[in-house]
2 protein chains.
Amino acid sequence: MDKLPQLYRMTKQRKIILDVLRGTKEHPTADWIYEQVRQTMPRISLGTVYRNLRVLKEMQDIQELNYGSTYSLYDGNAEPHYHFVCQDCAAVLDIDLPVYTSYDQQVAELLGSQVDFHRMEFYGSCPDCISGKSTNSKPKMWEQL
Amino acid sequence: MDKLPQLYRMTKQRKIILDVLRGTKEHPTADWIYEQVRQTMPRISLGTVYRNLRVLKEMQDIQELNYGSTYSLYDGNAEPHYHFVCQDCAAVLDIDLPVYTSYDQQVAELLGSQVDFHRMEFYGSCPDCISGKSTNSKPKMWEQL
DNA sequence: TAAAATATAGTTTATATTAGCAAGTAACGG
DNA sequence: CCGTTACTTGCTAATATAAACTATATTTTA
């Protein structure tokens, strides 16, 4: 017997978190979002921020990006788009190229599965790190810290 | 002044971990690998397994897959290939389709960056979960546990 | 509108993974 | 060979995130 669908509510906390995330073009961490939200709602807890980020992701209002580093970044733009990850400074940039939804069909036929969407990430060095302009570059993997 | 390149060694531990991972077609967790390695090297520590998985990834001998779930899976096949992630049972399947390296060039020109490689993951329901055969299916996101 | 059902918040605890450190071991120059 | 250096191990502590639990708030039902 199936369970009934979950009815999500747009609470004060959830709304503020969504607004903070949509208010930036960057891809912030959960902790950065927590600090921002605390300025208007000081008693919110970090656990609530994490929980709501997960719910907002399930509601398809935001995206979670977990590439490259040990922590997740969040993207207030839920529209499908690709990302570039700088392996030197860990920056994540949006890529303004069309999303090839036709692949989903190909993969579905090949596997006999249902494909809802796909993600693509490109890895390399961003312009700032190539030109040596970036100040927070991480050492390359073959260099010792 | 630049640091010298890191000289990795192929130690006993590192070799066994690599062999265990290459010995399976599945995409196991770090903990599963740890249990397997312990059968031939009982005194190895879990931290050493994690450290070597990271080093092997940097040596480009294996891949780390961190999609969908709260833990990473590892892939003994270092050759570029795409993956399918089942959102019902969390299985990760290999996709036998050509890798479109031409995108890397496109993105490099668009961003003015250097692109080394890309990854692509498809999300949906695997054949077993569609037919209701899978025994370890997770509840859908709109269902309450 | 009161009672029942359901979703959420805040807090505490658990989990997966990483980082730091002292001791061991392999590579290298003399 | 012997000492020096650099990489690795096992251990312990730290970190990011999820899960569990209770109390509160919101929605639905009667």
Side-chain angles (χ1 to χ4, degrees), chain A residues 2-18 27-35 37-38 40-59 61-74 90 138-139 141-145, chain B residues 2-18 27-35 37-38 40-59 61-74 90 138-139 141-145:
Chain A
D2 277 348
K3 291 286 172 53
L4 290 173
Q6 167 102 12
L7 299 178
Y8 290 121
R9 296 168 187 165
M10 187 51 73
T11 61
K12 284 194 298 290
Q13 290 86 339
R14 190 162 296 164
K15 186 68 171 49
I16 294 178
I17 290 169
L18 183 57
H27 303 111
T29 63
D31 207 66
W32 184 91
I33 296 167
Y34 173 58
E35 291 304 333
V37 172
R38 241 146 57 106
T40 50
M41 182 173 274
R43 307 241 347 147
I44 199 171
S45 75
L46 182 57
T48 296
V49 171
Y50 274 109
R51 188 170 350 92
N52 278 296
L53 287 170
R54 181 171 42 71
V55 169
L56 287 167
K57 183 174 69 167
E58 288 178 0
M59 294 167 76
D61 283 323
I62 68 171
Q63 293 188 53
E64 181 185 4
L65 313 176
N66 51 336
Y67 318 124
S69 32
T70 162
Y71 47 84
S72 284
L73 302 180
Y74 294 88
K138 291 189 306 189
M141 72 186 191
W142 47 78
E143 290 174 350
Q144 183 105 293
L145 192 49
Chain B
D2 278 348
K3 291 285 172 51
L4 289 173
Q6 168 102 12
L7 298 179
Y8 289 122
R9 297 170 186 163
M10 187 50 74
T11 60
K12 283 195 299 290
Q13 291 87 336
R14 190 162 295 164
K15 186 69 171 51
I16 295 179
I17 291 168
L18 184 57
H27 303 111
T29 62
D31 206 67
W32 184 90
I33 296 167
Y34 173 57
E35 290 305 331
V37 172
R38 246 152 47 110
T40 49
M41 181 172 276
R43 309 242 345 149
I44 200 172
S45 77
L46 181 57
T48 296
V49 172
Y50 273 109
R51 187 169 352 93
N52 278 296
L53 287 170
R54 182 172 41 72
V55 169
L56 287 167
K57 183 175 68 167
E58 287 178 1
M59 294 167 77
D61 283 323
I62 67 172
Q63 293 187 53
E64 180 185 5
L65 313 176
N66 53 337
Y67 318 124
S69 34
T70 163
Y71 47 83
S72 284
L73 302 179
Y74 294 87
K138 291 190 305 187
M141 71 185 193
W142 49 78
E143 291 173 349
Q144 181 106 293
L145 193 49

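We use all heavy atoms of the structure for the numbers below, so side chains are in, but hydrogens, waters and symmetry mates are not. To find a chain, count down the sequence lines: A is the first, B the second, and so on, and within it residues start at 1.
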What is the distance from [atom1] of [X] to [atom2] of [N], rounded to the nearest Å?
X       : N      : atom1 : atom2 : result
B:Met59 : D:dC7  : CE    : C1'   : 12 Å
A:Arg9  : C:dT8  : CZ    : P     : 6 Å
B:Lys12 : D:dC7  : NZ    : P     : 19 Å
A:Leu46 : C:dA14 : CG    : P     : 18 Å
B:Tyr50 : D:dA14 : OH    : C1'   : 15 Å
A:Ile16 : C:dA9  : CD1   : C1'   : 13 Å
A:Leu7  : D:dT26 : CG    : C1'   : 12 Å
A:Gln13 : C:dT11 : CD    : P     : 12 Å

State whether [X] places a side-chain N or O below 4.0 Å from either non-bridging phosphate oxygen (OP1 or OP2) of [N].
X       : N      : result
A:Ser45 : C:dT11 : no
A:Asn66 : D:dT17 : no
A:Arg51 : C:dA9  : yes
A:Thr70 : D:dA16 : no
A:Thr11 : C:dA7  : no
A:Arg14 : C:dT8  : yes

Using heavy atoms to find the nearest nucleotide of DNA chain D for B:Arg43 and A:Arg54 separately, return the residue whose nucleotide is more 5′.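 Nearest nucleotide further toward 5': that of B:Arg43.
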
Hey, which of these two, B:Tyr71 or A:Ile44, hits DNA chain C nearer its 5' end, going by closest nucleotide?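 Nearest nucleotide further toward 5': that of A:Ile44.
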
Students often get this wrong, so: under 4.0 angstrom with heavy atoms, is B:Thr29 touching a base, only sugar-phosphate, or nothing?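 Answer is nothing: B:Thr29 stays at 4.0 Å or more from every strand.
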
Contact class for A:Asp31 (heavy atom, under 4.0 Å): base, sugar-phosphate, or nothing?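 No contact at all - A:Asp31 keeps every heavy atom at 4.0 Å or more from the nucleic acid.
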
The side chain of A:Asn52 lies closest to which of these nucleotides: C:dA9, C:dT17, D:dT9?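 Out of C:dA9, C:dT17, D:dT9, the nucleotide with an atom closest to A:Asn52's side chain is C:dA9.
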
Could you tell me whether the side chain of B:Met10 reaches within less than 4.5 Å of the side chain of B:Met59, counting heavy atoms only?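 With C-beta onward as the side chain, the pair touches.
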
Option among B:Thr48, B:Ile44, B:Leu46 that satisfies the side chain to side chain contact (heavy atoms under 4.5 Å, CB included) test with B:Val37: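 So, applying the side chain to side chain contact (heavy atoms under 4.5 Å, CB included) to B:Val37 and each of B:Thr48, B:Ile44, B:Leu46, only B:Ile44 qualifies.
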
